[in-house]
Trainee: 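Would you mind keeping the following structure in view while I ask a few things?
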There are 2 protein chains.
Amino acid sequence: MARSTSTLRGQILEAALDLFATHGYRGTSLHDIATVVGCSKASLLYHFAGKDAILTELLSPAGEALAELDADLAELDDDRVVEAAVTGYVDLALRFRREVTVLFQDITETLCHPALAHVPGMAERLVASLAGRSTDPKRLVTAHMVLGAVFVTCAGDPDVPADVLREELLHGSLRTLGHTT
Amino acid sequence: MARSTSTLRGQILEAALDLFATHGYRGTSLHDIATVVGCSKASLLYHFAGKDAILTELLSPAGEALAELDADLAELDDDRVVEAAVTGYVDLALRFRREVTVLFQDITETLCHPALAHVPGMAERLVASLAGRSTDPKRLVTAHMVLGAVFVTCAGDPDVPADVLREELLHGSLRTLGHTT
DNA sequence: ACGATAACTGTCCGATCGGTCAGTCCTGAC
DNA sequence: GTCAGGACTGACCGATCGGACAGTTATCGT
């Protein structure tokens, strides 16, 4: 073996995450990844079943974390769910900032991916939670706004200290929702 | 001539806008467009110089409108610019909702397009305007949040009456910015 | 020292893409 | 009628993509 297995696998995932976040999933070829890593394209396909498998492995942790949040929020009553949804969503988006950027780059291609099949449904429930499970169109719009605000801000990766960013995402989202603390 | 020129051109643009918004620019082939329109792929390339040219013609009006907003905002003083930026941006995003969706689907591919070369710079100035030209990191974060909130909400095309949507985008954005009316 | 096995690669393949081009078809002016 | 020119198309092209596969290299247990 030229390299230890885990080493090259990790390098491939790291390079792929970088390239997917910069140029999108469709905009990145296996050749591009192989060039960055410094191995052959065939080597990628030795470690991973295919290009899909790389994306799946990259996004699965974020998907599972979102599923956890989804389950947690389901057990809260309506007046407590809003703050929990905001905090959980912001922390999730910050923790998986690079994955969010990948999603942002190629939203349709990545969302229709098997590993993320449950995301649309969970996103819809997250919006419902952000809206305090109200069906008022106005509150649904603001909930969508929070979804987009945190999403794009994290994907944009602004040059701001992490704690300031988190604090402002939380407060800004609550202000958007008209939630008085 | 089988059809009047303008008819087929218009059908091509309409179909392309639809497909680009649904599957992204990269995810839509000339063959896809031709199939929807009901003509040959070669016919598309008779009416347009290339796939790029179709995207350019689709997004140019939105780009020009953004440039107008950019120029208008430049002439306002700091305490007036925030509300003007919010109103102008929301109205722009609503007017070019489908174009926003196209942008959302394939952000890197579309933004590096010649016709939209000035957009990143204008977007940056728009963020500055939304932040009241303050350099406070907290205000910059909230400005980015508004940018994303309106962007994603318009791209998502929620099933809400147009006037309610506009009203909530405006009020929600101002609340996000902590702007007391 | 030496197979067995895992790690890795060069090369080829079919599919699909955007784009070109010679040629056909139709229409309207004369 | 006819003919010039715009509208349109089928067939083809080179490039690039994800992927398959036989073969080579390096490592380790014995």
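Per chain, numbering begins at 1; letters A, B, ... match sequence-line order.
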Trainee: Does A:T142 reach the main-chain N or O of A:R139 with its side chain, forming a donor-acceptor pair under 3.5 Å?
Mentor: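 Such a contact is found between A:T142 side chain and A:R139 backbone.
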
Trainee: Calculate the interatomic distance between B:L44 atom CG and D:dA7 atom P; express it in whole Å.
Mentor: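 To the nearest whole Å, that distance equals 15 Å.
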
Trainee: Check whether B:R175 reaches the backbone of A:R175 with its side chain - one donor and one acceptor, N or O, closer than 3.5 Å.
Mentor: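 Present.
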
Trainee: Using a 4.0 Å cut-off on protein heavy atoms (strictly under), produce a 5'-to-3' string for nucleotides 14-21 of chain C with B for base contact, S for backbone-only sugar-phosphate contact, and - for none.
Mentor: ---SBBBB

Trainee: Using a cut-off of less than 4.0 Å, is there contact between a side-chain N or O of B:S40 and OP1 or OP2 of D:dC8?
Mentor: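 B:S40 to D:dC8 OP1/OP2: no side-chain N or O under 4.0 Å.
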
Trainee: Just by distance, do the side chain of A:E168 and the backbone of B:V141 share a donor-acceptor pair under 3.5 Å?
Mentor: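 Answer holds: no.
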
Trainee: According to a strict under-4.0 Å criterion, is B:H47 in side-chain N/O contact with OP1 or OP2 of D:dC8?
Mentor: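 Checking B:H47 against D:dC8: at least one side-chain N or O falls below 4.0 Å of OP1 or OP2.
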
Trainee: Measure the distance from CZ on A:F48 to P on D:dA20 and round it to the nearest whole Å.
Mentor: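 Between P of D:dA20 and CZ of A:F48: 16 Å.
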
Trainee: Does A:E57 pair with A:R9 as a salt bridge, N-O distance under 4.0 Å?
Mentor: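 The answer is yes: the pair qualifies as a salt bridge.
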
Trainee: Check this for me, if you would: do A:R98 and A:D157 make a salt bridge, where the nitrogen-to-carboxylate-oxygen distance has to be below 4.0 angstrom?
Mentor: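 The answer is no: the pair does not qualify as a salt bridge.
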
Trainee: Between C:dC8 and A:Y46, is there an OP1 or OP2 to side-chain N/O distance shorter than 4.0 Å?
Mentor: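 Looking at the OP1 and OP2 atoms of C:dC8, neither is under 4.0 Å from any side-chain N or O of A:Y46.
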
Trainee: Of A:V164, A:V90, A:D91, A:T87, which meets side-chain contact (heavy atoms from CB on, under 4.5 Å) against A:L169?
Mentor: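 When A:V164, A:V90, A:D91, A:T87 are each tested with A:L169, the side-chain contact (heavy atoms from CB on, under 4.5 Å) holds only for A:V90.
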
